[in-house]
Amino acid sequence: MGYTKEDILRIAKEENVRFIRLQFTDLLGTIKNVEIPVSQLMKALDNKMMFDGSSIEGYVRIEESDMYLYPDLDTWVVFPWVTEDRVARLICDIYMPDGTPFAGDPRGILKRSLKEAEEMGYTSMNVGPEPEFFLFKTDEKGNPTTELNDQGGYFDLAPMDLGENCRREIVLTLEEMGFEIEASHHEVAPGQHEIDFKYAEAIKAADQIQTFKLVVKTIARQHGLHASFMPKPLFGVNGSGMHCHISLFQGDKNAFYDESDKLGLSSTARYYMAGILHHARAYAAITNPTVNSYKRLVPGYEAPCYVAWSASNRSPMVRIPASRGLSTRIEARNPDPAANPYLALAVMLKAGLDGIKHKMPLPAPVDRNIYIMSEEERIEEGIPSLPVDLAEALQELLRSDVICEALGEHALAHFYELKEIEWDMYRTQIHQWERDQYLTLY
């Protein structure tokens, strides 16, 4: 949008904005904010607003807690669902007191990867995300249940799709906030939904994912529903993914397109895809960051379990959509919406750039249904599997210098520590399945 400080101050006055949320994201992908009255807006716009970083997951120790919020003026938006004492939002980068970017800021980590791409001649990375979510009913106290609000299926309409009105209001709200919505529909599983918005440059795309989650949860709550981006909330049905359509540009030229190639793919696209596949197991802990993520990545539910690509098959991890020219892109199907979008895009970009740098050979496409192949056939075809759980994914992460470098020492150390704790808590917990299986048997 190209807002200036003067624009923001004027709009705040015209729209009767009373409070501003200075928003940022912690290492686990959770949106955080410092809310200030409009009287402090000029101070915030001058990058003088301080907060305590020691309270934020994965940030800093208590003895080095002072940090500064630098608002990105282009992220200014007034929340349309607050009509009195209006509230606006600015997304911020995190800086240290000495004026240097904070090394553990997820938004800053993505900017570092984009800087490397720019140094290699790629001026932008375009991303079109597809985050899926479930709508659950709430109880009389407003707490979420696991009761679905509809029994609809893929592309179903009301009355089967009872989430239609809620989803329509989400779309209208997003459009008021500047999103260009391309499609909205019921997904495969009962109670599951998808809203697709137009691709954007990587930083804006990650910002939009975070804003999207906030809007979906807010509007769902107004309809007496709970929206969940948990990757696999229910056994026996499809989980929720966050497919990412990715392309690199050199100015106004799509670096992934070559009209002389049989598939319309440039050597850059093939090298990038080779890097994505080569490092897939290493960055899985980032794109699929929870214990629950790996319950989605199992055969039979349209989620990719195997590291392969195809132009005509949806079972591999990477697919090539049919569009060509400026729309030529790859679709990475493994990420899920629990991922921190800044970190997920940073590691996928870093993996692809490594493929370009080293001109990695791209394996042959796999046009068969991998789900029905035997293990021996997959080994013979050279098709590896993604990690089966978070523990394996964390081990793979530490083995990769490329992905570790993308995160940086600070984020890597804190992310690994948090996820190791998560895995250990899960591993040592007694689950209902165990009681059902063993309590009377033994």
Does CD belonging to Gln437 count more than 12 external heavy atoms closer than 6.0 Å? yes

Shortest non-hydrogen contact between Leu22 and Ala44, atoms and distance: CD1-CB, 3.9 Å

Please check: side-chain N/O of Lys419 versus main-chain N/O of Pro289, any donor-acceptor pairing under 3.5 Å? yes

Would the distance check show the side chain of Thr145 and the main-chain N or O of Lys137 forming a donor-acceptor pair, the cut-off being under 3.5 Å? yes

Using a strict threshold of under 4.0 Å (side-chain N to carboxylate O), is an ion pair present between Lys5 and Asp46? yes

Mind telling me whether His410 and His414 have parallel, tilted or perpendicular rings, with 30° and 60° as the class edges? parallel

A side-chain contact here means heavy atoms from C-beta on lying under 4.5 Å apart; do Pro129 and Phe212 qualify? no

Set out, in order, the CA-CA distance, both residues' side-chain angles and the distance that settles salt bridge (charged side-chain N to carboxylate O under 4.0 Å, His left out) for Asp354 and Lys357, then state yes or no. CA-CA 5 Å; Asp354 192 55; Lys357 284 180 189 174; 5.5 Å; no

Which of these, Tyr122, Phe256, Trp309, sits in a ring-ring contact (aromatic ring centres under 6.0 Å, His included) with Tyr272? Phe256

Going from CG on Leu110 to CG on Leu349, what distance comes out if it is rounded to the nearest 0.5 angstrom? 7.5 Å

As an exercise, state the distance from CG of Leu386 to CZ of Arg281, rounded to the nearest 0.5 Å. 7.5 Å

Of Glu132, Glu331, Arg319, the one forming a side-chain hydrogen bond (donor to acceptor under 3.5 Å, both in side chains) with His243 is Glu331

Using a 3.5 Å distance criterion without hydrogens, assess whether the side chain of Trp76 forms a donor-acceptor pair with backbone atoms of Thr4. no

Between Asp336 and Ser293, is there a donor-acceptor pair closer than 3.5 Å when you use the side chain of the first and the backbone of the second? no

Apply side-chain contact (heavy atoms from CB on, under 4.5 Å) to the pair Leu234 and Phe134, showing each step before the final yes or no. CA-CA 10 Å; Leu234 299 172; Phe134 278 82; 4.3 Å; yes

Heavy-atom closest contact (Ile20 atom, Val38 atom, distance): CD1-CA, 3.6 Å

Any side-chain heavy-atom pair from Ser385 and Cys305 closer than 4.5 angstrom? no

Flag the pair Val388 / Tyr294 as yes when at least one side-chain heavy-atom distance between them is below 4.5 Å, and no otherwise. no

Any side-chain heavy-atom pair from Gln40 and Pro37 closer than 4.5 angstrom? yes

Distance (rounded to the nearest 0.5 Å) between Ser400 OG and Gln395 CD: 14.0 Å

Identify the two heavy atoms, one from Leu353 and one from Ser113, that lie closest to each other, and give their separation to 0.1 Å. CD1-O, 4.0 Å

Given side chains that start at C-beta, do those of Glu420 and Tyr416 come closer than 4.5 Å, heavy atoms only? yes

Counting neighbours of CG on Asn143 that are heavy atoms of other residues, nucleotides or ligands and sit closer than 6.0 Å, is the number greater than 12? yes

May I ask you to decide if Ile31's main-chain N or O and Gln23's side chain share a donor-acceptor pair within less than 3.5 Å? no

Where do Val291 and Glu422 land on the side-chain contact (heavy atoms from CB on, under 4.5 Å) test, with the steps shown first? CA-CA 8 Å; Val291 164; Glu422 179 180 334; 3.8 Å; yes

Using 30° and 60° as the class limits, which term best fits the ring planes of Phe229 and Phe133: parallel, tilted or perpendicular? tilted

Per the ring-ring contact (aromatic ring centres under 6.0 Å, His included) rule, which among Tyr95, Phe51, Tyr70, Tyr68 passes with Phe24? Phe51

Nearest 0.5 Å, please: how far is CG in Asp139 from NE2 in His226? 11.5 Å

Interatomic distance, CZ@Arg86 vs CZ@Arg18, rounded to 0.5 Å, equals 13.0 Å

Which residue, Thr428, Asp389, Leu418, forms the side-chain contact (heavy atoms from CB on, under 4.5 Å) with Trp423? Asp389

Closest approach of Pro304 to Leu297 (non-hydrogen atoms, all atoms of both residues): O-CD2, 3.2 Å

Stepwise, does the side-chain contact (heavy atoms from CB on, under 4.5 Å) test hold for Trp81 with Val87? CA-CA 9 Å; Trp81 59 82; Val87 179; over 6 Å; no

Do any N or O atoms from the side chain of Gln192 and from the backbone of Gly239 form a donor-acceptor pair under 3.5 angstrom? yes

Indicate yes or no for a side-chain donor-acceptor contact from Ser266 to the backbone of Ala255 under 3.5 Å, with no hydrogens or angles considered. yes

Any donor and acceptor pair, going by atom type alone, linking the side chain of Arg296 with main-chain N or O of Asn334 inside 3.5 Å? yes

Least distance between heavy atoms, Ile109 atom then Leu343 atom: CD1-CD2, 3.7 Å

If only side-chain N and O atoms count, and only distance matters, is there a donor-acceptor pair under 3.5 Å linking Thr290 with Asn292? no

State whether the side chain of Asp74 and the backbone N or O of Gly2 hold a donor-acceptor pair below 3.5 Å, judged by distance alone. yes

Is any side-chain heavy atom of Tyr306 less than 4.5 Å from a side-chain heavy atom of Val366? no

For residues 202-211, which side-chain donor-acceptor pairs fall under 3.5 Å, sequence neighbours excluded?
| unit_1 | atom_1 | unit_2 | atom_2 | d |
| --- | --- | --- | --- | --- |
| Asp207 | OD1 | Arg107 | NE | 3.1 |
| Asp207 | OD1 | Tyr342 | OH | 2.5 |
| Asp207 | OD2 | Arg107 | NH2 | 2.7 |
| Gln210 | NE2 | Thr25 | OG1 | 3.1 |
| Gln210 | NE2 | Gly29 | O | 3.1 |
| Thr211 | OG1 | Arg89 | NH1 | 2.8 |
| Thr211 | OG1 | Asp207 | O | 3.0 |

Does atom NZ (Lys111) have a neighbourhood of more than 12 heavy atoms from anything else shown, all under 6.0 Å? yes

A side-chain contact here means heavy atoms from C-beta on lying under 4.5 Å apart; do Pro131 and Phe197 qualify? yes

Counting only N and O atoms by type, is there a donor-acceptor contact under 3.5 Å from the side chain of Asp26 to the main-chain atoms of Lys32? no

Nearest heavy atoms of Ala227 and Lys217, plus distance in Å: O-NZ, 2.8 Å

Please step through side-chain contact (heavy atoms from CB on, under 4.5 Å) for the pair Leu248 and Met125, ending with a clear verdict. CA-CA 5 Å; Leu248 293 182; Met125 173 195 193; 3.9 Å; yes

Can you measure from CE (Met317) to OG1 (Thr287) and round to the nearest 0.5 angstrom? 8.0 Å

Kindly indicate whether the side chain of His358, heavy atoms from C-beta on, has any atom under 4.5 Å from the side chain of His278. no

